[in-house]
Each structure stands twice: as structure tokens, then as C-alpha cells.
Protein chains: 2
Amino acid sequence: MTVRLSTRAAQTHDQPISYFMQQAVENANLISLAAGLVDPDSLPADEVRAALDEILKDAGAAQAALQYGTTHGYAPLREKILARAAALDGVKPHDISVSRDDVVITTGSQQLLYMLGELLLDPGDIVITEAPSYFVYHGALTSLGVRTLQVPMDEEGMDTGLLEKLLARLEKTGELSRVKLIYTIDYFQNPTGLTLSWPRRQQLMDIVRRFSKKQRIFILEDAAYRELRFEGLDVPSLKSLDRDNAHVILAMTFSKPMAPGLKTGYGILPSELVAPLLRFKGNHDFGSSNLAQHLLDCLMANGAYERHVDRLRDVYRHKRDTILDALAEEFAGATGMKWTQPQGGMYVWLTNAVPTGPDSPFMKAALAEGVLYVPGQFCYVSGDNRAPNNGVPPENEARLCYGVASVDQLREAVRRLGRAAAVCGAWEPACR
Amino acid sequence: MTVRLSTRAAQTHDQPISYFMQQAVENANLISLAAGLVDPDSLPADEVRAALDEILKDAGAAQAALQYGTTHGYAPLREKILARAAALDGVKPHDISVSRDDVVITTGSQQLLYMLGELLLDPGDIVITEAPSYFVYHGALTSLGVRTLQVPMDEEGMDTGLLEKLLARLEKTGELSRVKLIYTIDYFQNPTGLTLSWPRRQQLMDIVRRFSKKQRIFILEDAAYRELRFEGLDVPSLKSLDRDNAHVILAMTFSKPMAPGLKTGYGILPSELVAPLLRFKGNHDFGSSNLAQHLLDCLMANGAYERHVDRLRDVYRHKRDTILDALAEEFAGATGMKWTQPQGGMYVWLTNAVPTGPDSPFMKAALAEGVLYVPGQFCYVSGDNRAPNNGVPPENEARLCYGVASVDQLREAVRRLGRAAAVCGAWEPACR
């Protein structure tokens with residue numbers, strides 16, 4: 001008897017990366033630079049254990065944490081999130097017209113991204129992302145029937161000049177009213193490790209204001225990696241430039257600076273969006289894990305959160321140094337090969353001399369050597385013929401995550417990449 | 001500057017109950033029989049604390065619990081869930097053609113309900129629920145643009161004779177192909193406390209098989225309260241009657257038998273639905289809280305889960321006895337008033353002599369006395385003119401939850417209901 005799924009089910013696809021992740025599970029000897037997991041050895045087991053003990057040994061606190069919470073999220077935690085987010089930018093919440101009621105707690109920041117899609121986007125609407133960008137988000141947009149257009153990046157992040165040209169072109173073709181959202185991962189971007197520069201931030205805000213003609217265009221600022229800066233000066237958030245709290249939705253998470261296992265993220269939103277968003281959240285789950293929220297509130301209150309983030313910066317700096325040193329050594333003098341120099345986060349973006357795609361000789365050689373990466377083309381939305389190169393993604397890029405592998409594994413992984421390059425004659429046209 | 005939300009945002013409404021919940025927050029003296037919260041004093045603080053301590057003091061276990069998990073859910077927990085679910089029915093998993101891969105962990109069972117809607121339902125499709133049924137689910141269906149039709153209940157649960165007539169009518173009008181799902185809360189139903197009888201279960205399975213003509217009709221069996229039976233013999237699940245694992249999606253949760261603060265639920269599904277469902281979950285959050293899953297796995301492994309559920313049965317039996325005794329005393333000889341006698345769960349369904357709606361004199365009197373209930377009409381989908389009484393919901397019913405209030409509060413709450421009834425001359429036409 002036929003099973004009839006919804007129309008949306010037909011446009012809801014597997015992540016292209018799933019197949020490769022399965023490879024990693026099945027081959028114990030494989031070192032994965034593909035999975036975007038965090039460093040395992042620095043996970044805050046002792047801090048979490050102490051905080052949970054404190055909560056659960058107090059009858060009142062335990063009852064509050066184990067009972068249902070609210071759809072909106074635990075108010076004391078929302079208060080602390082807001083204070084910290086504002087402090088990162090050196091402002092007070094009222095300077096940027098936000099209160100704790102504009103903070104919403106979600107099941108990781110991914111749930112916020114998903115629900116914003118439901119809240120703002122109709123099929124055929126347009127979201128603009130960076131090229132390349134976060135492939136999981138692209139999958140969610142495709143599932144919603146939304147068109148994703150991409151704007152190239154350079155060392156300063158999204159090219160705002162090209163963004164402006166794109167919007168002008170859409171205005172000419174009568175499609176500007178379909179542009180609802182511009183998505184930027186503006187600190188140590190997934191996948192490139194690049195950060196949106198200060199001048200570009202001001203330009204982006206200006207562009208969004210000017211092109212908000214028939215309807216407001218929102219910026220979805222995904223700052224998941226912001227707190228993991230280990231080098232250079234911090235840059236103010238786009239949110240802090242949005243003094244009227246009108247355009248910027250800030251998405252952040254406790255997964256990267258604390259622990260993914262708590263699956264707790266949050267958004268700070270223009271006030272008008274909060275109640276409508278919570279109506280969706282009421283239908284999804286009427287509130288994320290309350291115990292995790294009470295735990296995080298305790299960790300923020302007793303300083304453990306701040307101390308842990310400080311420690312993590314050293315951890316990721318060391319791992320970044322390790323992978324960059326290894327790449328420089330392995331590919332010394334390799335023409336046509338380059339990679340980014342992230343100042344935070346956990347991704348290096350490699351531009352290879354040869355194709356890196358799932359069926360490429362390089363990928364096959366890498367798997368045979370026992371190392372896995374994310375083919376760069378997965379981070380592009382293909383088929384937009386108005387994009388550079390007719391929307392055909394570059395075929396020679398790769399995302400390398402240095403989050404989960406140990407320092408020794410990182411060195412070995414790069415050696416394996418080197419052998420894979422040698423095996424397929426990386427700098428010879430034969431491999432192309 | 002205009003904010004343009006999605007079409008779906010316009011059909012995604014506040015829960016009608018929200019206003020009343022706010023009343024409860026603002027009036028500390030009010031006793032709420034409205035909120036469907038669990039008994040706070042029996043929440044398993046010590047068991048949770050011990051299990052978390054065990055996990056977090058072991059470096060390997062801590063890392064696994066604090067890292068990202070999988071979209072599907074922690075495999076050892078899925079294994080235990082399956083074994084337990086099968087044991088409740090006295091069968092082996094292979095007897096009903098299920099394996100642990102057919103188990104999916106979700107953020108409460110609510111997320112499963114929501115994602116199944118996305119997976120199976122297009123706007124205009126039909127879901128059949130009991131009348132009355134769980135209002136939060138109705139809200140999610142409305143948000144998806146789905147039509148909800150309801151089938152009346154009696155002491156044996158959903159009236160399967162009327163269900164069959166409804167399906168036959170839909171076949172005549174050419175709408176049978178739009179029927180995708182029949183939703184039943186078949187143990188101690190929310191809101192009525194009623195349980196679907198054994199003969200009705202067999203009839204329901206038979207009807208669903210017979211009417212699966214052009215496409216398969218699924219049953220969504222919401223057994224959230226099953227484990228909280230404190231009286232009478234257990235009845236086999238619909239799932240256990242579905243030997244080929246073809247028609248029944250079983251939804252259950254740890255919120256009721258363990259703790260809502262963990263926000264962990266699960267489904268056991270026909271195998272064909274698992275991969276497509278996980279594609280949606282990948283977009284929603286790529287996995288629910290991993291720490292909560294490792295905790296629950298530990299609680300199931302060490303027997304704490306089973307012992308806790310046993311304790312809870314006594315707790316809820318005592319509370320049920322208290323509210324039934326109080327109702328019998330308060331409304332002795334009150335003609336036109338009656339209520340259900342649940343054998344498990346946490347709801348009593350009151351049929352009042354006077355209207356109970358949000359603007360009724362009875363509601364006003366109840367709030368003035370300091371007691372809150374859920375107006376029964378919120379549990380009906382109105383406007384279906386093919387339904388009994390042209391789809392106009394009964395106006396004189398109420399859901400009373402004895403989960404969260406203490407035994408003393410339950411007695412006092414019923415006294416207040418009694419005073420409210422007296423104040424508005426409950427058995428006099430004046431109040432109507």
C-alpha cells in the first residue's frame with residue numbers, strides 16, 4: 001500500500017555529507033576533518049557535574065529544573081545571555097533597544113534558523129547567503145521551497161559591493177520584494193574561517209536599510225563561533241549596529257563555547273518577531289530542555305562559563321597552529337594550493353590544486369589514506385545562473401575542521417592529505 | 001518599515017490557553033487545575049543526580065554525553081526503549097517487525113507530532129482526532145493548513161462506529177485520499193482521562209486497513225500516559241496489533257513517567273518513514289539533547305526508571321482519589337454534573353451543569369474564587385458542519401488536571417469550584 005508523503009518531504013533531502021560521515025563511522029582508522037564537532041578533551045565535565053549537583057541537591061531548584069519550563073526560555077538565563085551579549089559589544093541592552101524579552105532560547109541555534117524560515121519565508125522567497133556557506137542551513141531553505149542566492153567572499157568576508165549589485169539587479173527584475181533575509185556567519189565562518197570586517201559590517205547595515213523598500217530585509221547574524229577568538233581584536237556584532245533593534249536577528253549557541261550535548265542556543269530578535277516566533281515554538285516543542293537551561297544559568301552565574309571559554313581559546317589556538325604548521329610543511333612550494341588563516345573558530349578553508357569533489361581522484365585517495373574532509377562544493381548552492389561562473393561551484397576547495405581531532409591526529413591527517421595529493425599527482429593535469 | 005511574515009505565520013496562532021496561563025502566573029493565590037504539569041514533589045532529583053554524577057565522573061562517558069549526538073538518537077537508548085515498549089505488550093520486537101532503527105528520539109513527543117505533520121501532510125489534507133482532543137496538537141495542524149475532523153468519544157474512547165461512518169462519507173465525497181492520519185491518545189486521554197477499549201482497538205486497526213485504499217492511512221498512537229496506570233488491567237497498544245509495522249506510529253515520552261525538564265520523547269515508526277523523518281529532524285536540530293539521552297539511558301540501565309514509574313503510580317492514584325472524593329462530596333446530588341473516573345494519567349473531564357467557556361459566568365466566578373481549569377471547548381475543533389451539532393463544541397465541559405496541585409490544593413480547588421458553581425447559581429438557568 002502506497003505511502004504518500006507531503007510535497008515538502010519530496011524537497012527535503014539528506015545532507016550530502018551524510019554518506020561521508022557514515023564512512024567515518026565504519027572506518028575506525030580514518031581521521032575525520034569533516035565533522036564539525038568540538039574538541040572532546042576540553043569538554044567541561046567537572047564544571048557541568050558540579051553545577052548539576054548544586055541544582056539537584058536543592059529540592060526547590062531541582063523541581064524547577066525537572067518540571068516543564070516555558071516556551072520562551074528560562075527568564076534568568078535570558079537575562080544573563082542579554083547582559084553578556086551586550087558586554088561583548090561594550091554596550092548596554094537599552095543602547096540597542098533590547099530587553100530579555102527579545103531573547104528566545106532554542107534547541108541549538110539550528111532550531112532558531114529553522115523556525116525563522118517558517119516565520120518569515122514563503123516558497124519562492126529569497127535568502128542571500130555567503131558563497132560558500134553553512135550547508136545544513138541551505139538544506140533547510142531548500143526544504144522550505146526558498147531560493148538561496150549567494151554572494152562571493154574575500155578576506156574581509158561577504159563582498160558587500162557584490163551584494164549591493166545583486167540587490168539592485170533583483171530590484172530591476174521586480175524580485176526585491178522576495179528578499180527577506182541575508183544570512184551571514186560573520187565570525188570565523190563555517191566553512192571558510194573568515195570574519196566580516198568592520199567596514200563591511202557598516203556597509204552591510206547601510207545596504208540592508210536602503211534596500212528595505214516594500215518590506216523589511218532582516219540580517220540573520222549567525223555568531224556561533226564569536227567567543228572562540230584566539231587572535232586579533234574582536235569586531236562589534238552587526239546586532240550592536242542595529243540601534244533600533246529593527247533589522248538584525250542574532251543567533252548564538254552554547255554548543256561551541258560550552259558543550260554541544262546541551263543542545264541549547266538562543267536568538268536576540270527584533271521585538272515584533274518574538275511573539276510570532278514563539279507561536280511556532282509552541283507547536284514544535286513548547287520549550288527546549290529546561291534542565292539544560294537551568295544548568296547553563298548556573299554556569300553563567302558562578303563564572304564557570306567565562307573561565308571555560310577562556311580555556312577553550314588556548315585549546316583552539318593550539319590546534320589551529322598545529323594544522324597551519326602542518327599544512328605549511330606538507331605543501332611547501334605547492335603551487336595552486338592555499339588555505340585561510342582563521343583567527344578563531346575551528347575551520348580552515350583549503351583551495352586545492354586539483355578537484356576535491358565526492359567522486360574526485362583526490363577524495364578517493366584521501367579516503368584510501370584514511371582522512372576525510374568536506375568537499376567545498378557542498379557549501380555552494382548550485383544552479384543560480386546569475387552567480388559568478390553561472391553558479392557552477394568551484395570544484396577544488398575543501399573544509400578542514402580542526403575541532404575534534406587531537407593535535408597528533410591533525411598532524412597525521414595533513415600527512416595523509418599530502419600523500420593523497422602525491423598519489424593522484426596533485427599538481428599534474430592528469431588528476432583533473 | 002513593514003514586516004512581512006510568511007503565509008504560515010498568519011495561520012499559526014497562540015494557544016487559546018495562553019491567556020489563562022498568564023492569569024495563573026500573575027495570581028499567586030490561584031490554584032491551577034489547567035496546566036498539564038506533573039507532580040512536582042515526586043520529580044526524581046536524587047536519581048537524576050546520581051546518574052549524572054556517574055556519567056560525568058567518567059571521562060569517556062562525559063565526553064560522549066557532552067559532544068554532539070546523532071540525529072536519530074543515542075543507539076543504546078533506542079535499544080532499551082524498544083525492549084521496554086515491546087515488554088509492555090508482552091511481545092518481542094521482531095513479533096511486530098520493529099528494530100531499534102525504527103525508534104527515533106525527539107525533543108519531547110511534541111516534536112515528533114510536529115515533524116510527522118511536516119512529513120505526511122499537505123495543506124488541505126485531513127487528520128481525524130478524538131472529540132475532544134489535545135489542543136496543542138490541533139494548533140500545530142492548523143499552522144500546517146491541515147483540516148482536522150473529530151470523532152466523538154464515549155466511555156470506551158473514540159467511537160469507531162462513527163469513525164467508520166465518517167470515512168465512508170469522505171469516500172463518497174472523494175476526500176478519502178486526503179485522510180493521512182488518525183490521531184488517538186489511547187491511554188487516559190488528554191483531556192478526558194478515557195482509555196480506548198480492547199474491542200475498539202481491534203476495530204480501529206481493521207477500519208484503517210480497510211480504508212487504506214489509494215494511500216496508506218496511519219494511526220498516530222499518542223501513549224504519553226500509558227505507564228501511569230494505577231488501576232485496572234493494561235490494554236495492549238495499537239502498535240502491538242500492527243504486526244507488519246505498517247500503520248501505527250507510536251509516540252511516547254519521558255516527560256510524564258520521568259521528568260518534563262529532560263524534554264525527551266520518542267517514536268516507533270513504520271520503517272519507510274524513518275529516513276524521511278530524519279531528514280526533517282536534520283533540518284530542525286540534527287539531534288535532541290544528547291546529555292538528556294545519556295542520562296535516560298543510564299536511568300533505564302540501572303533500574304531507576306522502572307522504580308520511579310512504580311512510585312509515580314501510587315502518587316497519581318492518591319491524587320486521583322483525592323480529586324474524585326472531593327468532587328463527589330462537593331457536588332453530591334448536583335443534577336447535570338458528572339465527571340470521568342480515570343484509571344491512570346492526570347486528567348478528569350468534568351461535564352458541568354452550566355457553560356464553562358472563557359467568558360462564562362462560571363469561569364469568572366472560578367477565577368474570582370482562585371481556581372483555574374481548561375474550558376472544554378478549547379479541546380474541540382469548531383466549524384466542521386458535518387460533525388455532531390454542526391461542529392459547535394459543547395460549552396459545559398472542563399479539563400481538570402490533578403498532576404501539579406498538591407493533595408491539599410486539590411481539595412481546596414474543588415471547594416472553590418463548588419463556590420463558583422454556587423455563586424453563579426450553577427443549577428439555575430440564570431447562569432446559562
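Chain letters run A, B, ... following the sequence lines, proteins first, then strands; residues in each count from 1.
With a 4.5 angstrom heavy-atom cutoff, B:D125 does not touch chain A via any of its atoms. If you measure heavy-atom distances from A:D41 to chain B, the contacts under 4.5 Å come from both the backbone and the side chain. Contact of B:S177 with chain A is made through backbone and side chain together, with heavy-atom distances under 4.5 Å. Looking at B:P40, both its backbone and its side chain come within 4.5 Å of chain A, counting heavy atoms on both sides. In this structure, the portions of A:Q63 lying under 4.5 Å from any heavy atom of chain B include both its backbone and its side chain.
Of the listed residues (A:Q111, A:M115, A:R4), the one with the most heavy-atom contacts under 4.5 Å to chain B is A:R4. Among A:L119, A:V404, A:L273, A:D46, the residue with the largest count of heavy-atom pairs under 4.5 Å with chain B is A:L119. Ranking A:G287, A:G108, A:G265 against chain B, the residue ahead of the rest is A:G287, based on heavy-atom pairs under 4.5 Å. Interface check for chain A: of the options B:L120, B:T7, B:T12, B:L5, the most heavy-atom pairs under 4.5 Å are formed by B:T12. Residue with the most contacts toward chain B among A:K180, A:Q293, A:R279: A:R279 (heavy-atom pairs, distance under 4.5 Å). Heavy-atom pairs under 4.5 Å with chain B peak, among A:V136, A:V38, A:L121, A:L277, at A:V38. Ranked by heavy-atom pairs shorter than 4.5 Å toward chain A, the options B:S6, B:A259, B:A9, B:G69 are led by B:S6. When the candidates A:L291, A:N290, A:D122 are compared by the number of heavy-atom contacts under 4.5 Å with chain B, A:D122 comes out ahead.
Scanning both residues, B:S212 and B:H247, for their nearest heavy atoms gives OG-CE1, 3.2 Å.
In this structure, the side chain of B:Q110 engages the main chain of A:N283 through a donor-acceptor pair within 3.5 Å. A distance-only check finds no donor-acceptor pair linking the side chain of B:R49 to the backbone of A:L52 [under 3.5 Å]. Side chain of B:T264 to main chain of B:L262: a donor-acceptor pair is present (N/O by atom type, distance under 3.5 Å, no hydrogens or angles).
Residues B:S42 and B:R311 form no side-chain contact, since every pair of their non-hydrogen atoms from C-beta on lies 4.5 Å or further apart. With contacts defined as side-chain heavy-atom distances shorter than 4.5 Å, the pair A:T107/A:S289 does not qualify. Contact annotation: the side chain of A:L37 never approaches that of A:M346 to less than 4.5 Å [non-hydrogen atoms, C-beta and beyond]. Using a 4.5 Å heavy-atom threshold, the side chains of A:L116 and A:F280 count as separate.
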Show your reasoning for whether side chain to side chain contact (heavy atoms under 4.5 Å, CB included) applies to B:M258 and B:L43. CA-CA 7 Å; B:M258 203 72 208; B:L43 283 164; over 6 Å; no
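Residue-level contacts of residues 213-220 of chain A with chain B, in order of numbering, are A:K213, A:K214, A:Q215, A:R216, A:F218; threshold 4.5 Å between heavy atoms.
Proximity of the aromatic rings of A:Y137 and A:Y114 is defined here by a centroid distance below 6.0 angstrom, and this criterion is not met.
Using a cut-off of 4.0 Å between Lys/Arg side-chain N and Asp/Glu carboxylate O, A:D285 and A:K281 are scored as salt-bridged.
Listed by chain and residue number, nothing satisfies the side-chain hydrogen bond (donor to acceptor under 3.5 Å, both in side chains) test with B:Q15 (two or more places apart in sequence, or in another chain).
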